[in-house]
**Student:** 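Here it is: the structure, laid out below.
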Amino acid sequence: NRFLPAAVDFKTQAKIVRQLGLRIDPANQKYYGFIFQEIAVTGSDPFFGNGADVTVIFRLKRKDTFLGQVSDYRNYFKSQGAVATQVDVGSVRAELLSTPDHSVHSYLVSMPGDIVILSTSAAALKRVLAVSRKESPSLAEQDEFRYMRSVYPYTPDGEAAFLYLSDPFIRRLTGPE
């Protein structure tokens, strides 16, 4: 039977975390509330198991602490064969950490203030940077998103996460592209 009910773990979280040049350390979880203010995750498709681009934007309470830990993680991957190079992405200097098989392929940008961006894609990182420079409209400026936020307003105590899939996103997934 082709449709046996069974749980399958494709290790998607571990793949994405590794590709971003991060590591999961349960001992650090107790500190997350002291370090992270907000986290936004964006991507162009939901096919994470096949290598979707993922960009994570961190607004931090303790940027120095976070960057220190990220540096330790990146040094670990360098000791395992990853190579770090400085690259220009959208006129911003980024560190690209990559392995030949791209199991690690991570762009790191520390923005002014309390923002750090990690991305698996130069193109996705360029789009995020264009929004940060007001060269492209942000999601918050889109009528459809503003409508969804009026239906599901943000409340600090009532919202751990908000998943938004735009109409163009759904059309791109289901259309002939």
Side-chain angles (χ1 to χ4, degrees), residues 6-90 92-129 131-132 138-139 154-165 169:
V8 178
D9 183 357
F10 293 106
K11 310 241 184 287
T12 303
Q13 179 187 17
K15 287 178 190 175
I16 293 169
V17 168
R18 178 180 171 79
Q19 196 172 18
L20 286 167
L22 299 173
R23 299 183 74 198
I24 298 172
D25 186 350
N28 287 341
Q29 289 179 352
K30 61 186 170 192
Y31 302 111
Y32 290 175
F34 299 108
I35 296 171
F36 302 112
Q37 184 172 332
E38 294 177 296
I39 300 173
V41 180
T42 184
S44 63
D45 65 56
F47 307 115
F48 297 111
N50 297 328
D53 65 65
V54 176
T55 301
V56 185
I57 306 162
F58 299 92
R59 182 180 306 276
L60 300 160
K61 297 176 185 177
R62 301 283 316 251
K63 186 176 184 180
D64 56 337
T65 303
F66 177 75
L67 286 174
Q69 188 64 60
V70 168
S71 178
D72 290 348
Y73 293 153
R74 291 170 89 80
N75 286 334
Y76 166 80
F77 288 113
K78 288 178 200 173
S79 76
Q80 302 296 306
V83 175
T85 55
Q86 296 295 314
V87 296
D88 289 321
V89 179
V92 171
R93 199 71 159 154
E95 179 189 73
L96 170 61
L97 180 70
S98 191
T99 56
D101 66 356
H102 283 206
S103 64
V104 176
H105 193 79
S106 171
Y107 295 88
L108 169 66
V109 175
S110 178
M111 301 291 286
D114 56 1
I115 303 293
V116 172
I117 304 169
L118 283 169
S119 184
T120 63
S121 164
L125 180 56
K126 282 181 188 176
R127 287 190 297 273
V128 169
L129 293 170
V131 170
S132 76
S138 72
L139 188 60
Y154 171 74
T155 56
D157 296 329
E159 182 174 282
F162 182 73
L163 176 64
Y164 174 72
L165 306 175
F169 177 82

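Remember, predicted model here, so these are calculated numbers, not experimental data.
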**Student:** Hey, is the main chain of Val116 close enough, under 3.5 Å, to the side chain of Lys63 for a donor-acceptor pair?
**Tutor:** no
**Student:** Okay, side chain of Thr120, backbone of Leu20: is any donor-acceptor separation there less than 3.5 Å?
**Tutor:** no
**Student:** Do Arg62 and Leu60 have side-chain heavy atoms sitting under 4.5 Å apart?
**Tutor:** no
**Student:** Between the side chains of Asp101 and Thr99, is a donor N or O closer than 3.5 angstrom to an acceptor N or O?
**Tutor:** yes
**Student:** Rounded to the nearest 0.5 Å, how far apart are CD1 of Ile24 and CD of Gln29?
**Tutor:** 8.0 Å
**Student:** One pair to check against side-chain contact (heavy atoms from CB on, under 4.5 Å): Leu97 and Val83. What are the steps and the verdict?
**Tutor:** CA-CA 6 Å; Leu97 180 70; Val83 175; over 6 Å; no
**Student:** Cut-off 3.5 Å, side chains only: do His105 and Ser98 have a donor facing an acceptor?
**Tutor:** yes
**Student:** Are Arg23 and Tyr76 in a cation-pi contact, defined as NZ or CZ under 6.0 Å from the six-membered ring centre and within 45° of the axis?
**Tutor:** yes
**Student:** Judged by atom type as modelled, is there a donor-acceptor pair below 3.5 Å linking the side chain of Lys61 to the main-chain atoms of Gly33?
**Tutor:** yes
**Student:** Any heavy-atom pair between the side chains of Val41 and Val54 that's under 4.5 Å?
**Tutor:** yes
**Student:** Is there a side-chain contact between Gln19 and Ser103, using heavy atoms and a 4.5 Å cut-off?
**Tutor:** no
**Student:** Compare all side-chain heavy atoms of Lys78 with those of Val104 and state whether any distance is below 4.5 angstrom.
**Tutor:** no
**Student:** Are side-chain N/O atoms of Ser106 and Arg74 paired as donor and acceptor at under 3.5 Å?
**Tutor:** yes
**Student:** For a 4.5 angstrom cut-off between non-hydrogen side-chain atoms, does Ile117 reach Leu108?
**Tutor:** no
**Student:** Could you tell me if the ring centre of Phe58 sits under 6.0 Å from that of Phe66?
**Tutor:** yes
**Student:** Please check this pair: side chain of Ser119 against backbone of Ser121, looking for a donor-acceptor N/O pair closer than 3.5 Å.
**Tutor:** yes
**Student:** Does atom CD (Gln37) have a neighbourhood of more than 12 heavy atoms from anything else shown, all under 6.0 Å?
**Tutor:** yes
**Student:** State whether Asp88 and Arg93 are salt-bridged, where the test is any N-O pair (Lys NZ or Arg NE/NH1/NH2 against Asp/Glu carboxylate O) under 4.0 Å.
**Tutor:** yes
**Student:** Counting only heavy atoms from other residues, nucleotides and ligands, does the tally under 6.0 Å from CZ of Phe34 exceed 12?
**Tutor:** no
**Student:** Carefully, step by step, assess Asp72 and Val70 under the rule side-chain contact (heavy atoms from CB on, under 4.5 Å).
**Tutor:** CA-CA 5 Å; Asp72 290 348; Val70 168; over 6 Å; no
**Student:** Taking the side chain as C-beta and beyond, is there a heavy-atom pair between Leu118 and Leu22 under 4.5 Å?
**Tutor:** yes
